[in-house]
Undergrad: 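Submitted below is the structure of interest, expressed as C-alpha cells.
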Amino acid sequence: MLDRLKREILCYLPDSIREVILRVNRTCLEGINEIRLRIGKPIFLRAKDDDCIVKKIDGSEYILSNNELSRIFEMMCKNSIYAWQDEIANGFLTLRGGHRVGISGKAIYKNSNVYSIRDISGLNIRIARQVIGAGDSILKEIIKHKQFVSTLIVSPPGFGKTTVLRDLVRQMSNGVGEIRGVNISLVDERSEVAAVFNGIPQNDIGIRTDVMDGISKYDGINMMVRSMGPEFIATDEIGTKEDIEAILYAVNSGVKILATAHGSNMEDLMRRSELASVINKGIFENIVFLNKGR
Amino acid sequence: LVIFKLLGCTLVFGISSLIGIVLAKVYSTRVSNIMDMITAFEILYTKISYNQSTLDEIFMDIGTQIGGGVGEIFSEMGIAFEGNMLYTADELWVRVIEENIKKCDFSFDDIQVINEFSYMLGKSDIEGQLRNIDMTISRLKSQLIRAENEEKKYSKMYRNVGILGGMGLAVILI
C-alpha cells in the first residue's frame, strides 16, 4: 500500500508535505482512506478507524498554505487545469490508479449550470481500493439457469454497493466457471466504478466491458444500447425519472440490467415512486440488500 | 607580393561581406521566428479550444508541426512538461524558454512577450487560456510589424555596409 501511495498520490505533493506524511505511523498509512488538504488548516489522514493529524519534526501541525494547495492541484491536472474543466465542474478529478480527488472552492455558474470551480480551498484525496471478490457472496444469487439475471443491489451509503457492483461487473464480464462472460456496457456517471484515467479504466472491470465515463445515466444507457450491443447495462445509483426511462428503453431492447440504488429495505425502495415503478414492472429478477457485514 | 595582396584583399572583402550578411540575416530570421511563434500560438489556441489536450501533448505536436528553432523550443517544452511533478506551468515555461531561446533570433522585447504568456498558462479554464493566447498573438503581431520595419531598415544596410566596408578596406590595403 505504501509503495502505491508514494507512486500514485504522494508524487503530486511537494517534498515538504511528502516527508511529513511519511513520518505518520505505519498503521495509519497502510490503512489510509483519505488525505484531506485545506488551506490554512492541518493536513488530516483518515484511516479505517483512525484520524491522524500530520505533524512536523518539531511536533507542531503542518499547516497547508494557499500556494501549496494551488501547486498540488496544478500537478494533479498535469499543468493543464482547463483540460479537466468538465470533471472540475462536477467537483472531482480522477487520478491514475482510480483515486478520486474531491474539490471545494468557489463555484462559477454559466447558463444556470456549474461551469467551473475557482479559488480552490480544499482537496479530499480518496484512495481507491478494488476489492477482488467483493461480489462473491452475491454472485450465486444472480445466476439462474446458468445465466446472469437482472439485479438491483441496494444499501444505505457507505455499505460498499459500488465495490460490489465493480466486482460483479468484472466477474460477469470474464465469465464464472461454466458460464460464459457477457458483454457489459458500464455507464459510469461519476467515474467511480471503472475510474477511467486518460481513457484507461484503472480498476479491473473484466475483458468484455465497455465503459462510457462521465456521462449522465440517461444519455449513457441510450448511447450504449444503440451503439455497443450490450447484453448487460451496469450502472451505479439509479433513482431519477430519467434513469428509469433509460433503463426501460434498455430492457425493451432486450438488455439486462445490473444496477445499485440507495435504500435500507423494500419499504424504503417502494416509497420512491420511480424505483417502485421499475420494481413493480418486474425488471429486476433479483433485489439484493447489503448489510454492514454483507 | 601582388598575389599575396590580392589574396588578402579578397579575404578581407569576403569576411567583411559575410559579417554584413550574417548581421542582416539576424533581422530576417527574427521575422520568420516571430511568424513561427504566432503559428505555434494559433495551434495552441485550436488544440485547447477543440481537443482540450494537456499542455505536454500540445507542445509536442507543435514541435513536430512547426520545425526550426521555434519547433525545437516547443519540443523541449513538451519533454519538460511530460511527467513534470516539480514545477508549475509558468516556472517550467520560463525555464525552458531561457534554456532554448538561443535557437532563435528574438529581441529582448519579443522574449518578454513570450515569457509574460506564462503567467496564466495552464492555471485557468478554457476561456481564460484562450484569452491569454489571443492577447499574446496580438502582442506578437505588433512585434512582427516592428521586426519587419527593422528588417527593411537595417537588413539592407548591414549587407551594404559589409560589402562596401570590405571593398573600402581592400582598396586601402592595395
Side-chain angles (χ1 to χ4, degrees), chain A residues 5-19 65-91 93-97 103 105-111 113-120 125 197-200 213-214, chain B residues 40-63 73-97 115 117-136:
Chain A
L5 190 71
K6 282 183 194 167
R7 201 175 54 243
E8 293 173 356
I9 292 166
L10 298 185
C11 59
Y12 296 106
L13 311 182
D15 287 349
S16 53
I17 299 179
R18 205 178 312 155
E19 277 166 23
S65 72
N66 191 353
N67 185 34
E68 283 171 326
L69 191 81
S70 311
R71 198 173 262 269
I72 293 166
F73 188 60
E74 199 183 319
M75 294 303 154
M76 286 173 168
C77 296
K78 289 182 80 182
N79 297 110
S80 314
I81 289 171
Y82 61 87
W84 270 265
Q85 195 163 314
D86 294 341
E87 287 88 340
I88 293 169
N90 283 325
L93 293 176
T94 305
L95 302 179
R96 187 186 301 279
I103 305 161
K106 182 175 170 53
I108 308 296
Y109 275 85
K110 202 173 184 182
N111 303 327
N113 291 317
V114 177
Y115 167 73
S116 188
I117 298 176
R118 223 171 46 193
D119 305 332
I120 310 290
I125 308 169
F197 177 82
N198 283 352
I200 302 163
D213 177 60
Chain B
F41 277 105
E42 283 167 350
I43 298 173
L44 182 62
Y45 186 100
T46 312
K47 296 257 178 194
I48 288 182
S49 180
Y50 297 105
N51 299 10
Q52 292 173 28
S53 318
T54 49
L55 288 174
D56 54 342
E57 291 170 24
I58 300 178
F59 290 153
M60 285 289 201
D61 277 358
I62 294 174
I73 291 177
F74 275 92
S75 294
E76 290 295 329
M77 200 70 86
I79 294 166
F81 270 75
E82 196 182 16
N84 162 55
M85 290 285 178
L86 271 180
Y87 304 102
T88 54
D90 55 326
E91 290 166 351
L92 207 51
W93 175 273
V94 172
R95 210 182 160 87
V96 175
I97 292 291
N115 274 338
F117 163 73
S118 71
Y119 296 162
M120 285 286 292
L121 181 61
K123 286 186 173 57
S124 65
D125 56 24
I126 296 171
E127 275 182 23
Q129 293 300 303
L130 298 183
R131 268 200 302 270
N132 189 30
I133 298 169
D134 255 345
M135 196 179 74
T136 308

Undergrad: So, are B:Arg131 and B:Asp134 salt-bridged, with charged N and O less than 4.0 Å apart?
TA: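 Not counted as a salt bridge, because no side-chain N and carboxylate O are separated by less than 4.0 Å.
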Undergrad: Between A:Arg118 and B:Asp125, does any NZ, NE, NH1 or NH2 come within less than 4.0 Å of an OD or OE carboxylate oxygen?
TA: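 No, no charged N to carboxylate O under 4.0 Å.
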Undergrad: By a 4.5 Å heavy-atom criterion (distance strictly below it), what part of B:Glu82 contacts chain A: side chain, backbone, both, or neither?
TA: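 No part of it gets close to chain A.
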Undergrad: Is the closest side-chain donor-acceptor distance between A:Asn67 and A:Ser65 under 3.5 Å?
TA: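 No, no side-chain donor-acceptor pair sits under 3.5 Å.
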Undergrad: For B:Ile58, is it the side chain, the backbone, both or neither that has a heavy atom under 4.5 Å from a heavy atom of chain A?
TA: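 Contact with chain A involves the side chain of B:Ile58 alone.
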Undergrad: Which bit of A:Phe73 comes within less than 4.5 Å of chain B, counting heavy atoms only: side chain, backbone, both or neither?
TA: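 Answer is neither: A:Phe73 stays 4.5 Å or more from chain B.
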Undergrad: If the plane angle is over 60° it's perpendicular, under 30° parallel, otherwise tilted; pick one for B:Phe59 and B:Trp93.
TA: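 Answer is tilted, since the angle falls between 30° and 60°.
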Undergrad: Which atoms of B:Thr88 are under 4.5 Å from chain A, going by heavy atoms: the side chain, the backbone, both sets, or neither?
TA: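 For B:Thr88, backbone and side chain are both near chain A.
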